[in-house]
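When reading the values below, keep in mind they use all heavy atoms of this one structure, side chains included, and skip hydrogens, waters and symmetry mates. Counting convention: from 1, in listed order, for ligands and their atoms alike. The first residue in the sequence is number 1, and the count goes up from there.
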Amino acid sequence: MKIEHIGIATPKIEDALAFWRDALGLEVVHTEEVAEQGVRVAMLPVGEPRVELLEPTHSGSPVAKFLEKRGAGIHHVAVRVADIRAALARLKEKGARLIDEEPRVGADDCLVAFVHPSASGGVLLELVEHRDAAP
Ligand code: ZN
């Protein structure tokens, strides 16, 4: 397993880039809107893992709710796994509370699934599997 990315919630990606890109010096390699999750994302590699900036696209978005409750900051940690279904089955067997029982398509055309923060001691965890067919 590897750290795939760290998701950071921000009310506005453009404002967050003033720090992450302009001040710190990271480069934006990918941006996209994930309609299903109600977010716009920008990916900035830090070595192999990436910072994933998340901006809500509407007020009902889970990230909008997170910003309301907790403010801007670390939203989730994503771990890359080889077989996301096997990882979910193992977690379920160990009694971890899952948000997604089945993987879905996330940013960058990866398969993703979220594990509830109550399972990990307060950290929202995202599992990511890179599909071989992905460009
Ligand atoms: Zn993520």
Side-chain angles (χ1 to χ4, degrees):
M1 287 188 214
K2 290 176 180 174
I3 296 287
E4 152 74 23
H5 63 261
I6 296 172
I8 297 176
T10 176
K12 216 157 176 24
I13 283 177
E14 210 43 53
D15 295 346
L17 288 177
F19 174 77
W20 294 99
R21 182 189 58 198
D22 304 339
L24 186 59
L26 300 179
E27 190 189 344
V28 177
V29 294
H30 182 74
T31 57
E32 97 178 72
E33 190 171 324
V34 184
E36 196 201 339
Q37 291 170 41
V39 289
R40 191 170 296 121
V41 308
M43 296 286 200
L44 302 90
V46 188
E48 199 174 335
R50 304 181 287 185
V51 165
E52 178 186 71
L53 299 175
L54 302 155
E55 172 189 325
T57 52
H58 57 83
S59 58
S61 151
V63 172
K65 287 176 189 148
F66 177 90
L67 286 168
E68 249 170 57
K69 253 203 306 199
R70 314 265 299 266
I74 293 182
H75 177 263
H76 65 270
V77 172
V79 170
R80 180 173 174 175
V81 295
D83 182 343
I84 197 168
R85 286 184 175 82
L88 285 170
R90 181 194 165 104
L91 285 162
K92 197 173 178 181
E93 187 197 308
K94 300 284 182 191
R97 184 172 160 199
L98 305 178
I99 294 174
D100 300 306
E101 302 250 333
E102 282 293 316
R104 50 198 165 114
V105 178
D108 233 356
D109 205 37
C110 292
L111 289 178
V112 304
F114 284 92
V115 181
H116 198 275
S118 66
S120 65
V123 178
L124 176 60
L125 181 70
E126 179 183 12
L127 303 175
V128 180
E129 178 187 328
H130 288 234
R131 297 195 284 183
D132 290 336

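Distance check for E126 against the Zn ion (ligand 1): an N/O/S atom falls below 2.8 Å. With 2.8 Å as the limit, H75 does not count as an N, O or S neighbour of the Zn ion (ligand 1).
Of the possible donor and acceptor atoms, one in the side chain of E55 sits under 3.5 Å from a partner among the backbone N and O of I13. Put simply, the side chain of S61 gets close to the backbone of G38: a donor and an acceptor are under 3.5 Å apart.
Considering the Zn ion (ligand 1) as centre, the angle to NE2 of H5 and to OE1 of E52 is 90° (10° rounding).
The pair E14-R21 meets the salt-bridge criterion, with a side-chain N (NZ, NE, NH1 or NH2) lying under 4.0 Å from an Asp/Glu carboxylate O. A salt bridge between K2 and E48 is present, with a side-chain N of the basic residue lying under 4.0 Å from a carboxylate O of the acidic one.
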